[in-house]
Amino acid sequence: MSRTVYVNGQYLPEGDAKISIFDRGFLFADGVYEVTSVVGGKLIDFSGHMKRLRRSLGELELTSPATDEELLAIHRELVARNAVDEGMIYMQVTRGAADRDFAFPPEGTRPSLVLFTQAKPVLQSASATRGLKVVSVPDLRWARRDIKTVQLLYPSIAKMEAKRREADDAWMVEDGFVTEGSSNNAYIVTEDDVIVTRALSQSILHGITRAAVLKYAAEAGMRVEERAFTIEEAKAAKEAFVTSASAFVTPVIEIDGARVGGGQPGPVARRLRDIYIAESLERAE
Ligand code: PMP
């Protein structure tokens with residue numbers, strides 16, 4: 001069945017949606033995006049995604065295409081029109097269409113706004129039950145990973161490298177330390193049950209799920225340390241897991257072929273997943 005998508009003010013069948021070939025998102029990856037999970041037809045942590053969108057737009061001096069309230073209304077309308085019960089909604093803002101030039105186009109160029117939905121199970125996922133196998137790859141992305149840009153070629157290459165090595169995902173390593181997963185934040189649990197994840201900086205995306213999970217972990221009395229860790233430390237850890245808006249909390253059971261936590265999803269990851277889902281559903285809008 002054809003989806004209804006949103007392009008620059010219009011709701012259209014996906015086959016009729018059009019973006020200019022001069023769009024700077026297409027030519028320069030000059031754009032940012034957000035992915036919000038949908039459960040029971042409701043949006044998970046929409047305000048968190050809006051806060052990060054505003055920051056990404058600001059860092060790149062991109063014009064905002066709409067207010068938070070307007071964007072919320074479009075999200076809701078698209079979820080309703082496509083009758084999405086569970087899945088995700090993708091939103092992309094680019095600098096718009098202009099003659100190809102490295103310099104930004106003149107003021108007044110209208111940003112492009114595109115949204116589409118993808119229905120899929122998010123609460124019950126095979127990878128959450130089974131746990132992920134990850135492999136390490138060098139982090140070869142640009143240095144502003146805190147901005148959620150649409151330039152996802154290297155994460156895509158990293159994911160293909162993982163597949164080639166018969167794993168599910170890649171953890172990227174820079175200067176000997178794990179930065180993050182190809183599309184998620186990375187964590188380990190130490191022998192004395194401390195949850196460790198890299199501190200926020202320009203080296204990683206400031207995950208919306210990361211912020212929520214660390215808050216819930218602290219509220220539940222779990223100890224959290226924000227510092228970098230190596231692949232060797234991760235391999236020897238009690239548990240490992242990742243977080244993202246679409247994977248929530250998902251256990252990691254193998255790193256570069258070494259089993260973590262006996263090759264089974266661990267209790268900390270499972271508990272955090274349960275808490276995250278319960279809390280997020282309560283706040284979903
Ligand atoms: N890091 C990267 C590189 C990502 O692409 C994502 C997914 N957007 C995340 C972390 C997790 O962020 P969030 O929890 O906001 O989805």
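Ligands are counted one by one from 1 in listed order, and the atoms in each one are counted from 1 as well. Note: hydrogens, waters and symmetry copies are ignored here, and every other heavy atom, side chains too, is used.
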- Task: Say whether H49, considering both its backbone and side-chain N or O atoms, lies within less than 3.5 Å of an N or O atom on ligand 1.
- Result: no

- Is the shortest distance from a Lys or Arg side-chain nitrogen in D192 or K238 to a carboxylate oxygen in the other one below 4.0 Å? no

- Query: Between V213 and L272, what is the shortest heavy-atom contact and its length?
  - Reply: CG1-CD1, 4.1 Å

- Query: Among side-chain atoms of D23 and T94, is any donor-acceptor pair under 3.5 angstrom?
  - Reply: yes

- Item | S244 neighbourhood, listing ligand 1 atoms whose heavy-atom distance to it stays under 4.0 Å | 11 (C), 14 (O), 16 (O)

- Cut-off 3.5 Å, side chains only: do N184 and T243 have a donor facing an acceptor? no

- Nearest non-hydrogen protein atom, atom 7 (C) of ligand 1: S183 O, 3.3 Å

- Using modelled atom types only, decide if a donor and an acceptor are shared between the side chain of R95 and the backbone of L60 within a distance under 3.5 Å. yes

- Query: Mind checking whether N185 has a heavy atom under 4.0 Å from ligand 1?
  - Reply: yes

- Message: Tell me if the aromatic rings of F177 and F229 count as close, with their centers under 6.0 Å from one another.
- Response: no

- Message: I'd like to check whether A245 has a polar contact with ligand 1, where a contact means an N/O of the residue lying under 3.5 Å from an N/O of the ligand.
- Response: yes

- Tested for side-chain hydrogen bond (donor to acceptor under 3.5 Å, both in side chains) against E34, the lone hit among H75, K148, R52, Q92 is R52

- Check whether any side-chain N or O of R81 sits under 3.5 Å from a backbone N or O of R76 as a donor-acceptor pair, and report yes or no. no

- Message: Could you identify the single nearest non-hydrogen protein atom to atom 1 (N) of ligand 1 and state the distance to 0.1 Å?
- Response: E180 OE1, 2.6 Å

- Applying a 4.0 Å heavy-atom criterion (strictly less than), which segment of R141 is in contact with ligand 1: side chain, backbone, both, or neither? side chain

- Task: Do me a favour and list the nearest non-hydrogen protein atom to atom 14 (O) of ligand 1 with residue, atom name and distance?
- Result: T209 OG1, 2.6 Å

- Task: Consider ligand 1: state whether an atom of it lies below 4.0 angstrom from any non-hydrogen atom of K148.
- Result: yes

- Query: Which residue owns the protein heavy atom closest to atom 12 (O) of ligand 1, what's the atom, and how far is it?
  - Reply: G207 CA, 3.4 Å

- R52, any N or O under 3.5 Å of ligand 1 N or O: yes

